Enquirer: 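Dropping a structure here in structure tokens format, bear with me for questions.
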Amino acid sequence: MPDAMVAARASDAARGTPRQVDVAVVGAGFAGLYLLHRLRKAGFTTVALEEAGDVGGTWYWNRYPGARCDIQTIDYSYTFDPELEAAWTWSEKYATQPEILRYLGFVADRYELRRDIRFGTKVTEASWDEATERWQITTDNGAPVSCRHYIMATGCLSAPKPPEIDGVKDFKGEVYFTGRWPHDGVNLAGKRVAVIGTGSSGIQSIPLIAEQAAHLTVFQRTPNFALPAHNGPAPSDRMSLLQGDRAAYREQARQSMAGVPYPQQTAVSWQLSDAERRARFEEAWGKGDLVYILTQLWADQAVDVDGNRLICDLIREKISAVVKDPETAAALMPHDHPFGAKRPCLDTNYYATYNRSNVTLVNLRQEPIKAITAGGITTARRSVDVDVIVFATGFDAMTGAIRAVHPITGRGGKSLSDVWAQGPQTYLGLTVEGFPNFFMITGPGSPSVLSNMAVSIEQHVDWVVDRLAALRDAGFTTIEPTEAAQAGWNRHMADCSTLTLHRLANTWYTGANVPGKVQGVMPYTGGVGPYRSICDEVVSRGMLGFRLTGPNVAAQCNDGEAVRLQPDVRLVLNLLATLNLPPIESMGALGARAFVNEFNKGRPAGRPIGDVVDGTLPGTDGPLPYRVYKPAAPGPHPVVVYFHGGGWVLGDEQSDDPFCRDMVRRTGMMFVSVGYRHAPEHRFPTAAEDGYAATRWIAEHAAELGGKPGPVLVAGWSAGGNIAAVTCQLARDRGGPDIAGQLLVCPVTDCDFDRPSYNDNATGYFLTRSLMDWFWDLYCSPADRIDPRVSPLRGKVAGLPPAFVVTCEFDPLRDEGIAYAEAMAAAGVPVQQLKARGHFHSSFTMVDVVITGAPGRVQMAEALRRFAGLPPEVSLGDEHSHGHTSPGHRIAAAAS
Ligand SMILES: Cc1cc2nc3c(=O)[nH]c(=O)nc-3n(C[C@H](O)[C@H](O)[C@H](O)COP(=O)(O)OP(=O)(O)OC[C@H]3O[C@@H](n4cnc5c(N)ncnc54)[C@H](O)[C@@H]3O)c2cc1C
């Protein structure tokens, strides 16, 4: 029966007749309320089912002392209706729980939402009926609900985690949970109180509990980073930005990484002096703004262990400056996770509270809780008598409330819990394959808790309701993601999680706080703006990855993955697209060189290494410049002769500076980058002959250069990879020098443009087919192109040094690189290939921009060390150890 004909009628609880609606919503927090409003406006019949007695969600349940938001309230608000914005003024920078609850009540009243909410009603089961194409929702209170679409707005942090300690029920005193705090408050005056847990809720409540209690004992397992909130009125600078252009401010938030309008930082930590870094940190500390300190110090703070450690050290300094007892201060200092990998907390007087004579900190790392007894808590070292225990032990985050509805039965009788047995699988964090017409708001796989959730919730709700309306209008009655789309999203999630340091911490983001929960980074770490653009792209590409069906329309399925590029490659390419640059080949050689020089000025500076020395070497027709990159450790080191990229036309011995520095750090080897001559001034075979001559000279003068005498290695990227490959063939044929190994990164190996990668990636990935055409024309006449000194694939490939060949999926040169590797391997050369999924031609040389390129460079470094007969330890383990190591070990390993 079409939805329009299904009468929406009130349920008759006594008879248990299902209430029929188009859409059932579970939850009446920020998400559920906005859903109701949007669904109604879109003409759907709807009901929201809510366990609580009123609206508010998080802010209904979390009434503990000190409960506040930690995103500034002017940002943590609905933005869908300018009139609503004008009608409400927040009293503080970070509103208290009562004020936020009042706000949500105000919203419910303003849009008359309560009339469609069934309070005191917990959803217990849900099942998809294939025959009617409807969900049947069972509740613990009243009639079931039958709906076409089932939307869980059940919250990321709404399922409190039960205490894991034996004996709670033996305790004779009062027990409270911060996430279920009594509505009429708790009188703690004169009582001996224990707080277990020092996450956000603990850190917010401890100072206030300490003021009331006779004595407060805090049981801490894992210390957290906390920053002073400096609460008060909303800061005038933010207010004037908002009021200056409200629409632009909101739009910037929607396109930002965290849902708060701050710009992207570009300065990297190693470009700043100690004094500059400290000044930036002090400014951030003074602001009392979580998103600011998490994003505005330096560009590498959230992606690089070294850049992050600088902040950890500065915060630990702050803790020791405040907390008088050194042992307590030490116990409060986090060491087991990068700053930001676990949600930092905003506090008011948290650390100073430990200077009070009525507060004791018990470090559970040293003395774990053995039991809760009738009178208190016993640890390995002491018994603490208390009257009240407050559990601030957090939530079964992201999946807890969803899985608590059990079973959710989808197509073919499959239960969501079974499908998620190895961790949540979703498409866009919104939908699950096998569960038609089922949606989650801020589900696992969406930015959710890593963002300003007000912004993310609005985006989700708008996307879902707009899709439902569009489907209805087109006559579709079911929507379901495909297996391929979901698998692709999970891969994209995994790619994103290599971008940040979240993977290095055991946190509720990863499920590590709940015993037995499968671990993995659950929120989407790719950012709010990029996520939004992906969701929009899914729509613009014909509901990519969704199967749509309806009784009177042909089924539609535009199958595929939403994102095949690595997330940072996608960002780089999108950015380049917005610059609308003219094609490089239209600039002429001189113009193109000037452009590349300018372009390179904007990239992060390469990292410090031991020494950088410039010089010249005698080439066949005169001196050639070179640049030596030396490791910090004392030498002599094996020498790698390096050839830069640039299509034989662009670049110089300095142009791959960040790559050379990075490889020197990872290999502990010396790189000599050669300034070979360029076309069109010097056409074929000049670059090849310069490369060979330079390699010979460097091998003969290795000791003078500070390197280790003996065989050298060669490496190169793009046209430089071509020169490296050719050099190996020439060295074999011309009696030396001895080459111990070759690293060819996206090399040109052949003049043939007919391989599929030239067509698949002809445009859109920066290095285009037309640019390659231009390079070839400038360097080489058509007759010369089959010469092995420019097309080494056409030369003899037996007897070459061992090779490591890197190719990138979205690169016109991909297939010829693979062909060269395969040809060498077939001829008996030891060859290892890295076929980099989701990468483009420049991925590995855009150091500290394409962060996901780092694991590839680790493999390259390992190969070079192996070729040189060195043990692998310099780069061993980098940030991508997937083993079951502790976070501490993982952090150490990540500091490459
Ligand atoms: C103390 C605290 C502070 C926070 N501060 C911030 C902040 O500053 N900024 C920020 O972005 N985020 C913050 N958050 C996250 C916060 O959860 C979200 O911002 C937002 O409130 C979530 O709204 P929601 O509607 O998605 O979920 P919730 O507010 O959690 O609402 C979900 C509702 O679903 C109901 N429900 C769940 N399961 C069922 C069921 N089976 N049957 C019926 N009803 C059910 C619950 O009772 C609940 O009312 C904070 C969270 C906490 C706990």
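In this text, all values refer to a predicted model and were calculated from it rather than measured experimentally. Whatever order the structure lists them in is the order used to number ligands and atoms, beginning at 1.
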Enquirer: Would you be so kind as to tabulate the donor-acceptor pairs closer than 3.5 Å made by side chains of residues 220-229, with sequence neighbours excluded?
Expert:
from : atom 1 : to   : atom 2 : distance (Å)
Q220 : NE2    : A331 : O      : 2.8
T222 : OG1    : R365 : NH2    : 2.8
N224 : ND2    : T198 : O      : 3.3

Enquirer: Regarding K517 and T399, is there a side-chain donor-to-acceptor distance under 3.5 Å anywhere?
Expert: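 Side-chain D/A pair, K517 to T399: present.
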Enquirer: Verify whether one side chain among S127 and Q136 offers a donor that lies under 3.5 Å from an acceptor in the other.
Expert: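 Looking only at side-chain atoms, Q136 and S127 do not form any donor-acceptor pair under 3.5 Å.
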Enquirer: Quick one: sort the Y111 and H37 rings into parallel, tilted or perpendicular, breaks at 30° and 60°.
Expert: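 Geometry flag for H37 against Y111: tilted rings.
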Enquirer: Can you give me a line-by-line list of nitrogen or oxygen pairs between ligand 1 and the protein shorter than 3.5 Å?
Expert:
from     : atom 1 : to   : atom 2 : distance (Å)
ligand 1 : 8 (O)  : D70  : N      : 2.6
ligand 1 : 8 (O)  : D70  : OD1    : 2.9
ligand 1 : 8 (O)  : I71  : N      : 3.0
ligand 1 : 11 (O) : M453 : N      : 2.7
ligand 1 : 17 (O) : T58  : OG1    : 2.7
ligand 1 : 19 (O) : Y76  : OH     : 2.6
ligand 1 : 21 (O) : T58  : OG1    : 3.3
ligand 1 : 21 (O) : Y76  : OH     : 3.1
ligand 1 : 25 (O) : F30  : N      : 3.1
ligand 1 : 25 (O) : A31  : N      : 2.8
ligand 1 : 29 (O) : T58  : N      : 2.7
ligand 1 : 29 (O) : T58  : OG1    : 3.0
ligand 1 : 30 (O) : T58  : OG1    : 3.3
ligand 1 : 41 (N) : V123 : O      : 3.1
ligand 1 : 42 (N) : V123 : N      : 2.9
ligand 1 : 44 (N) : E51  : N      : 3.1
ligand 1 : 47 (O) : E50  : OE2    : 2.7
ligand 1 : 47 (O) : W61  : NE1    : 3.0
ligand 1 : 49 (O) : E50  : OE1    : 2.8
ligand 1 : 49 (O) : E50  : OE2    : 3.0

Enquirer: H460 and ring-ring contact (aromatic ring centres under 6.0 Å, His included): which partner among Y34, Y531, F30, Y524?
Expert: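 Output: one option passes, namely Y531.
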Enquirer: So that I can tick it off, tell me whether R467 and D462 are bridged by a salt bridge, with the cut-off set at under 4.0 angstrom between side-chain N and carboxylate O.
Expert: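 Salt bridge between D462 and R467, a charged N being under 4.0 Å from a carboxylate O: no.
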